[in-house]
Amino acid sequence: MFATYILKSQTKEWYYIGHTSNIENRLKEHNMGRSKSTKPYMPLVLKYKEDFNTKGEAFKREQQIKNYKHGEAFKKLIGI
């Protein structure tokens, strides 16, 4: 099982979109500063998650969400 996810910084108005096969472990890695792109925005909370059967599907959805980041579709997805 794979997941596409959106993280939100608790200190800044900033979101991160990614995909993984282990969401719990990946969130821990982000909050331990192991990801260069999210380290300045820690701590992070899981705002949205969507499950998929394959890595390819999860990656495709990640790219789709990134294409409309901060637009109306993005806001609707995360509930703002």
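As the structure is a prediction and not an experimental result, all values here were calculated from the model. Basis for what follows: all heavy atoms, side chains included, without hydrogens, waters or symmetry-related copies.
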Joint cluster assignment, Tyr48 & Leu46, ILVMFWY side-chain distance < 4.5 Å: no
How long is the span from the [atom1] atom in [X] to the [atom2] atom in [Y], to the nearest 0.5 Å?
| X | Y | atom1 | atom2 | value |
| --- | --- | --- | --- | --- |
| Lys39 | Arg34 | NZ | CZ | 11.0 Å |
| Phe59 | Thr54 | CZ | OG1 | 12.0 Å |
| Ile17 | Gln64 | CD1 | CD | 11.0 Å |
| Glu50 | Ile6 | CD | CD1 | 8.5 Å |
| Asn31 | Leu7 | CG | CG | 7.5 Å |

CE (Met32) with more than 12 external heavy atoms under 6.0 Å: no
Aromatic ring proximity Phe74/Tyr15, centre distance under 6.0 Å: yes
Is the shortest heavy-atom distance from the side chain of [X] to the side chain of [Y] under 4.5 Å?
| X | Y | result |
| --- | --- | --- |
| Asn53 | Met1 | yes |
| Leu77 | Tyr68 | yes |
| Ser35 | Arg26 | yes |
| Trp14 | Lys8 | no |
| Gln10 | Leu44 | no |

Tyr5 six-ring face occupied by Lys49 cation (under 6.0 Å, within 45°): no
Glu62 and Lys66 ion-paired at < 4.0 Å: yes
Side chains of Asn25 and Glu29, donor plus acceptor under 3.5 Å: yes
Side-chain donor-acceptor pair present, His19, Thr4, cut-off under 3.5 Å: no
Any donor-acceptor pair under 3.5 Å from Gln63 side chain to Lys60 backbone: no
Smallest separation among heavy atoms of Phe52 and Ala58, with atom names: CD1-CA, 3.7 Å
Test side chain to side chain contact (heavy atoms under 4.5 Å, CB included) applied to His30 and Met42, step by step: CA-CA 8 Å; His30 281 294; Met42 297 181 334; over 6 Å; no
